[in-house]
Amino acid sequence: ASTGLFGHATGAVFHRLNLKGANITGQTNTGLLTGYLSGGSITDCQTSGQVQGDGNSRGGLAGYVRDGSNVYRSSSSASIATDGPQHTGGLVGHLEASHISLSFATGQISGRRMVGGLAGAMTEGSSVIDAYATGNVKGQDAVGGLVGQAVGGSITNAYAVGHVGPVGGLAGGLLAASTGATDVEV
C-alpha cells in the first residue's frame with residue numbers, strides 16, 4: 001500500500017500545500033504528500049519532516065511519480081532514512097515517464113541503491129529541468145547528488161552541492177549511473 005497524506009493518487013492535482021514537520025513511516029511508495037502519483041500534478045507544494053521505513057520508492061514529497069505526472073515549483077527539506085532496497089530521493093523516490101521542473105530538495109538522504117538528493121531513479125521519458133539538491137546523500141550503490149540512476153530521460157540546467165558517500169559501488173556528484181540514452185546539460 002502507498003503511504004502519505006494522500007496514499008494513492010491517480011489524476012490528482014495538488015496545489016499550494018505546505019506540510020511542516022510531518023513524520024511518516026511506510027513500506028513501498030512512501031512520501032510526505034503522496035506515496036503514489038499517476039497522471040497528476042504537484043504545483044507550489046512544500047514539505048518538511050522525516051520519512052522512514054523499508055520498501056522501494058520513497059521521497060520527501062512523493063514516493064513514486066509516473067504516467068506523465070508533473071512536479072512544478074515544489075520543494076522538500078525532509079530527511080529520509082530508509083533500509084529499503086532502492087529508489088530513495090529527496091523530492092521523489094522514483095520518477096517514471098514524468099517531469100520535475102523549477103523544484104529543489106535540501107534534506108539529508110540515506111538509502112541503499114538508487115539514492116539521489118532530488119530523485120532516486122528516473123526512466124526514459126522523464127525530465128529534470130531547472131532543479132537542484134543541496135543535502136548530503138548516503139547509500140551503497142548508484143548514489144548521486146541529484147539523481148541516483150537514470151535509465152534514459154534528460155537532465156537540464158540542474159545541480160547538486162551535497163556530499164555523496166560513503167559508497168561501496170557507483171557514485172556521482174550529479175548522476176551516479178546511466179543505463180540508457182540520458183541527455184545531461186548543466
Side-chain angles (χ1 to χ4, degrees), residues 2 27-31 35-39 42 51 53-72 76 80-105 107-186:
S2 301
Q27 298 301 315
T28 297
N29 301 338
T30 301
Y36 178 96
L37 178 63
S38 175
I42 299 172
V51 178
D54 298 327
N56 294 332
S57 303
R58 56 196 59 254
L61 188 69
Y64 190 6
V65 175
R66 61 179 299 178
D67 299 330
S69 295
N70 290 294
V71 177
Y72 179 65
S76 179
I80 303 175
T82 178
D83 196 32
Q86 59 190 12
H87 305 148
T88 302
L91 194 68
V92 172
H94 189 179
L95 186 69
E96 182 178 307
S98 295
H99 314 284
I100 296 173
S101 60
L102 294 170
S103 298
F104 64 91
Q108 308 302 304
I109 312 303
S110 176
R112 278 171 141 183
R113 291 187 69 246
M114 299 181 214
V115 183
L118 188 77
M122 61 185 283
T123 66
E124 187 174 335
S126 294
S127 65
V128 172
I129 302 169
D130 298 324
Y132 66 90
T134 62
N136 296 332
V137 185
K138 294 193 299 186
Q140 298 171 6
D141 190 27
V143 180
L146 190 75
V147 176
Q149 178 169 317
V151 182
S154 64
I155 299 172
T156 306
N157 197 30
Y159 68 91
V161 296
H163 174 76
V164 176
V167 178
L170 299 172
L174 187 72
L175 173 63
S178 175
T179 58
T182 304
D183 296 324
V184 179
E185 284 184 45
V186 290

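Note that the numbering runs from 1 along the sequence shown for the chain. Note: hydrogens, waters and symmetry copies are ignored here, and every other heavy atom, side chains too, is used.
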Between [X] and [Y], what is the shortest heavy-atom contact and its length?
X	Y	value
Tyr72	Leu102	CE1-CD1, 3.4 Å
Ser103	Ser101	OG-O, 2.8 Å
Gly90	Ala105	C-CB, 3.7 Å
Ala62	Val65	CB-CG2, 3.6 Å

**Minimum side-chain heavy-atom gap Val151-Glu124 below 4.5 Å** = no
**Message:** If the threshold is 4.0 Å, N to carboxylate O, is there a salt bridge linking Arg112 and Asp83?
**Reply:** yes
Would you check if the side chain of [X] reaches a backbone N or O of [Y] as a donor-acceptor pair within less than 3.5 Å?
X	Y	value
Ser98	Ser69	yes
Ser154	Ser127	no
Asn56	Thr28	no

Working to the nearest 0.5 angstrom, can you tell me the gap between [X] [atom1] and [Y] [atom2]?
X	Y	atom1	atom2	value
Ile100	Leu95	CD1	CG	4.5 Å
Asn70	His99	CG	NE2	5.5 Å
Leu37	Ser2	CG	OG	10.5 Å
Leu118	Thr134	CG	OG1	10.5 Å
Gln108	Asn136	CD	CG	4.5 Å
Gln149	His94	CD	NE2	9.0 Å

**Asked** In chain order, what residues pass the side-chain contact (heavy atoms from CB on, under 4.5 Å) check against Arg66, with sequence neighbours excluded?
**Response** Tyr36, Ser38, Tyr64, Glu96
**Message:** Using the side-chain contact (heavy atoms from CB on, under 4.5 Å) criterion, which residues pair with Gln27? Sequence neighbours excluded.
**Reply:** Asp54
Sequence neighbours left out, cut at 3.5 Å: what donor-acceptor pairs do the side chains of residues 158-180 make with other protein atoms?
unit_1 : atom_1 : unit_2 : atom_2 : d
Ser178 : OG     : Gly180 : O      : 3.4
Ser178 : OG     : Thr182 : OG1    : 2.9

